[in-house]
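Computed from a predicted model, the values in this text were never measured in an experiment.
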Amino acid sequence: MTAPHVALFHVRTHRPRAAAGYQALLDSLNEAAVAAVEGLGWTASLHAAAEDPEAGLRQASREADVVVILGGDDIEPGLYGQQDRRPRRSPYERRADRLQIAVIMDAVGAGRPLLGLCRGHQLLNVALGGSLLQHVPGHRGPGAEPFIPTTLDFAAVAPGLAPPALCTHHQAIDELGEGLVVLTRSGDGVIEAIAHETLPLLGVQWHPEHPLTAATQFGALLRAVHAGELVA
């Protein structure tokens, strides 16, 4: 039997020098995600939605057994009918937004297993007609260590998960998209995991692909999505 193939979609591989530290952080998460996939005995490919040809991105998603939308930049609020209300504004990645949403909707139409992480979790919600809270304090650490542990109900998300849930984000889901249900929230009410009522779609707000947790948490989520073993 052929090993499952996972297509992972991130934002980009190159940024201006001023954003080199942020890119290095994302690179470390993406590398840990690929290593976790390979640790399952599966295969992985990594695709930059802001840079790679559109036809190649769409083909990669359609040939995958599991699609993963990785973390990254804020989502352009016009996609959910709002103006920019962020207290601190950073550039949007509009091409990545558009093409990753296209990948999500292709997975929805095909019933293809899909896992969204942080930005990917939010994009899944936006793609299905939901909205976001544009600034939520308390879920991102200061300085060189941006990840903070968050308390949530792991058993409500997927089998085989265990703490810690490591978060770094300042946006979160507000109104749910069509067909989505909340699996768990943090102690302050932030939605930390969603799933679709009938399709193998799962989104989590924290970073299971963090190098400290990727081999266990990310692997467990991939197995659950691939097998359709979701709580919703």
Side-chain angles (χ1 to χ4, degrees), residues 1-12 30 33 37 40 42-82 92-132 157-158 173-183 191 193-205 208-209 218 221-232:
M1 182 179 294
T2 304
H5 179 74
V6 181
L8 303 106
F9 295 85
H10 65 128
V11 176
R12 60 170 56 252
N30 298 345
V37 173
L40 294 174
W42 299 5
T43 61
S45 57
L46 194 60
H47 309 274
E51 299 166 345
D52 294 351
E54 181 172 348
L57 294 169
R58 289 177 178 270
Q59 181 178 357
S61 71
R62 291 169 182 166
E63 293 178 349
D65 298 294
V66 181
V67 169
V68 177
I69 309 295
L70 294 161
D73 306 73
D74 292 346
I75 298 161
E76 203 280 307
L79 293 170
Y80 50 93
Q82 295 182 14
Y92 292 116
E93 291 283 357
R94 289 180 171 85
R95 184 179 192 269
D97 289 345
R98 177 177 65 83
L99 292 179
Q100 287 180 322
I101 286 176
V103 166
I104 290 168
M105 295 310 297
D106 188 71
V108 168
R112 184 175 302 113
L114 182 142
L115 173 60
L117 310 181
C118 197
R119 166 186 163 89
H121 158 85
Q122 296 169 12
L123 267 174
L124 172 58
N125 188 61
V126 170
L128 293 178
S131 64
L132 302 180
V157 181
I173 288 176
D174 186 11
E175 296 179 354
L176 282 174
E178 184 177 356
L180 297 174
V181 296
V182 175
L183 300 183
I191 296 172
I194 56 173
H196 196 274
E197 293 172 339
T198 59
L199 298 172
L201 309 175
L202 176 65
V204 300
Q205 182 61 73
E209 83 283 23
F218 187 50
L221 292 172
L222 286 172
R223 286 192 295 267
V225 171
H226 182 249
E229 295 175 351
L230 304 179
V231 176

Margin query: Restricting to side-chain hydrogen bond (donor to acceptor under 3.5 Å, both in side chains), what partner residues turn up for Glu76, sequence neighbours left out?
Written below: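 With sequence neighbours excluded, Glu76 shows a side-chain hydrogen bond (donor to acceptor under 3.5 Å, both in side chains) to no residue whatsoever.
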
Nearest 0.5 Å please: distance from the [atom1] atom of [X] over to the [atom2] atom of [Y].
X	Y	atom1	atom2	result
Gln205	Leu117	CD	CG	10.0 Å
Phe218	Leu8	CZ	CG	5.5 Å
Glu197	Glu178	CD	CD	9.0 Å
Ile194	Asn125	CD1	CG	5.0 Å
Leu115	Leu124	CG	CG	9.5 Å
Trp42	Arg223	CH2	CZ	7.5 Å

What are the two closest heavy atoms between [X] and [Y], and how far apart are they?
X	Y	value
Ala33	Glu209	CB-CB, 3.9 Å
Leu57	Ala48	CD2-O, 4.0 Å
Gly71	Cys118	CA-CB, 4.3 Å
Ile101	Leu123	CG1-CD2, 3.5 Å
Ala50	Glu93	CB-OE1, 3.7 Å
Val68	Leu222	CG2-CD2, 3.8 Å

Next item on the list: May I have the step-by-step check of side-chain contact (heavy atoms from CB on, under 4.5 Å) for Val157 and Leu221, ending in yes or no?
Entry: CA-CA 8 Å; Val157 181; Leu221 292 172; 4.0 Å; yes

So, do [X] and [Y] sit near enough that their side-chain heavy atoms are less than 4.5 Å apart?
X	Y	result
Asp52	Leu99	no
Asp73	Tyr92	no
Leu199	Leu114	no
His121	Ile69	no
Leu132	Ile173	yes

Check: For residues 59-71, which residue pairs qualify under salt bridge (charged side-chain N to carboxylate O under 4.0 Å, His left out), counting only residues two or more places apart or in two chains?
Finding: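 For residues 59-71: Arg62-Asp106.
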
Note to self: Is there a side-chain contact (heavy atoms from CB on, under 4.5 Å) between Val108 and His196? Walk through the geometry before answering.
What the structure shows: CA-CA 10 Å; Val108 168; His196 196 274; 5.8 Å; no

Next item on the list: Would you please name every residue forming a ring pair (Phe, Tyr, Trp, His ring centres under 6.0 Å) with His47, sequence neighbours left out?
Entry: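 For His47 the ring pair (Phe, Tyr, Trp, His ring centres under 6.0 Å) partners, ignoring immediate neighbours, are Phe9.
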
Notebook entry, point to check: Any donor and acceptor pair, going by atom type alone, linking the side chain of Ser131 with main-chain N or O of Glu175 inside 3.5 Å?
Noted result: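 Yes.
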
Check: Arg119 side chain to Leu70 main-chain N or O, any donor-acceptor pair under 3.5 Å?
Finding: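 Checked: no pair found.
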
Notebook entry, point to check: Does a sphere of radius 6.0 Å around CD in Glu54 hold more than 12 heavy atoms from other residues, nucleotides or ligands, not counting ones at 6.0 Å or beyond?
Noted result: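 It does: Glu54 CD has more than 12 such atoms within range.
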
Next item on the list: Give me the one residue out of Leu201, Val67, Val103 that meets side-chain contact (heavy atoms from CB on, under 4.5 Å) with Arg112.
Entry: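 The passing option is Val67.
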
